[in-house]
Amino acid sequence: MHPGEKARVPRTVTVARSMDIAIVGGGIVGASCAYFLADRGARVLLLESGRVGREASGVNAGGVRQQARALPELPLALRSLPLWGDLDKRLDARLEYDRCGDLRIVETAADAEKLRAIAAREEDAGLSLEWLEGAALRSLVPALSPRVLGGTLCRTGGQANPLLVAPAFGRRAQDLGAIVWEGCPVQWLRHDGAGFALETPNGRVQTARLVLAAGAWTALLAGGLGLWLPISLFVPQMMATVPLPLVLGTVLLGFSRKLSVKQMRSGAVLIGGGKRGWGDLVTRARGPAEENVRLGAVDAVAVLPVLGGAETTRSWVGLEGLTPDDMPIIDRAGDVYLAAGFCGHGFAIGPVVGQLLSEWLLDGKPSLELSAFGLHRFQS
């Protein structure tokens, strides 16, 4: 130490911040909830352990579909349509949303009969569908394999670029006054008097109300508050081809095959729909299962032979939450609001779920009935 220099005393700086509402999880649900809350003037903090929209919300295929869902989800999917149509303007961003329709295809007469019955129930629930076969089917997708016999066309289905959507919600929420902390995992949380205390690398947060929308990690966080969520890890995987000439003007959905095929504006074809990779929630390690990559390509080529010579550029996976009945948990336990377990098909309904959560927080109830997604359905 030089003469006259004062000794430096190591100290830990803890920044305490008090909020009305804290949201844990910066995926499409958490980020959209933050946006809708901030748009109404609420004081809200969004905490994301990595980057906003870089987990399951950013690595899916970007399907904005209404068909091929559990019937209780249809009201959410239908309510989402006008919202998706307005998002570019709301968020001042280009999200590559395209209402190109989606076609759910069958390859056998037995499957056609089953799909027609499912479509009838979906139409009874308010969804508009058309049955296509023969010339009408080939006119829509000329590249389809002859083995495809028919399918249900939903003209309101579509796709968007998942890499763009949740980050746009996060940026716009911040513009409107929300505080967004990226790279800020919640180290622990607990009940704290009338509210909650959360310890983070940015300091301690006190909040009156808490939204847990952290995807596959939500059950771990909820456990710290004594809440049991039946959410297990699901690791969907995707692959992409090199850019191709236009081969697909609509989204293809499999019926007996767990398959989705989309062509992006870049020309790349995305193949996903049900094959699984591997992952770990604690280490966050993950990767594709090579045999499932091969099987996914086989399924895609079987229905769209033109892909047979296409080179793939990469394959990847996401870490997602899975519930026993393949439907999300959207519920409230006191001042804890839960939205997780979207089972790989939450991208399309994520923005409207965020909007409904904001209504629940600010108005006392959401404008759409959500009881079908309550925790009570898992209690015997």
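Taking Ile, Leu, Val, Met, Phe, Trp and Tyr as hydrophobic and joining them when side-chain heavy atoms fall under 4.5 Å apart, one finds Met264 in a cluster with Val59, Met238, Leu270, Trp316.
Between the side chains of Arg377 and Ser371, not a single donor N or O lies within less than 3.5 Å of an accepting N or O. A side-chain donor from one of Gln67 and Asp102 sits under 3.5 Å from a side-chain acceptor of the other. A donor atom on one side chain and an acceptor atom on the other are found under 3.5 Å apart for Thr323 and Asp325.
Within the structure, salt bridge (charged side-chain N to carboxylate O under 4.0 Å, His left out) contacts touching residues 142-165 (residues at least two apart or in different chains) are Glu107-Arg147, Glu130-Arg155. Listed by first and then second residue, the salt bridge (charged side-chain N to carboxylate O under 4.0 Å, His left out) pairs involving residues 156-181 are Arg172-Asp175 (not counting sequence neighbours).
Cation-pi geometry between Arg116 and Trp131 is met: the NZ or CZ atom falls under 6.0 Å from the ring centre, inside 45° of the normal. Trp360 does not carry Arg209 over the face of its six-membered ring by the limits of under 6.0 Å from the centre and within 45° of the normal.
Within the 4.5 Å cutoff, side-chain heavy atoms of Val353 are placed close to those of Phe342. Using a 4.5 Å heavy-atom cutoff, the side chains of Tyr337 and Leu212 are not in contact. The closest side-chain heavy-atom distance from Leu45 to Ile23 is not below 4.5 Å.
Annotation for Thr250 and Val141: closest pair CG2-CG2, 3.8 Å, computed over non-hydrogen atoms.
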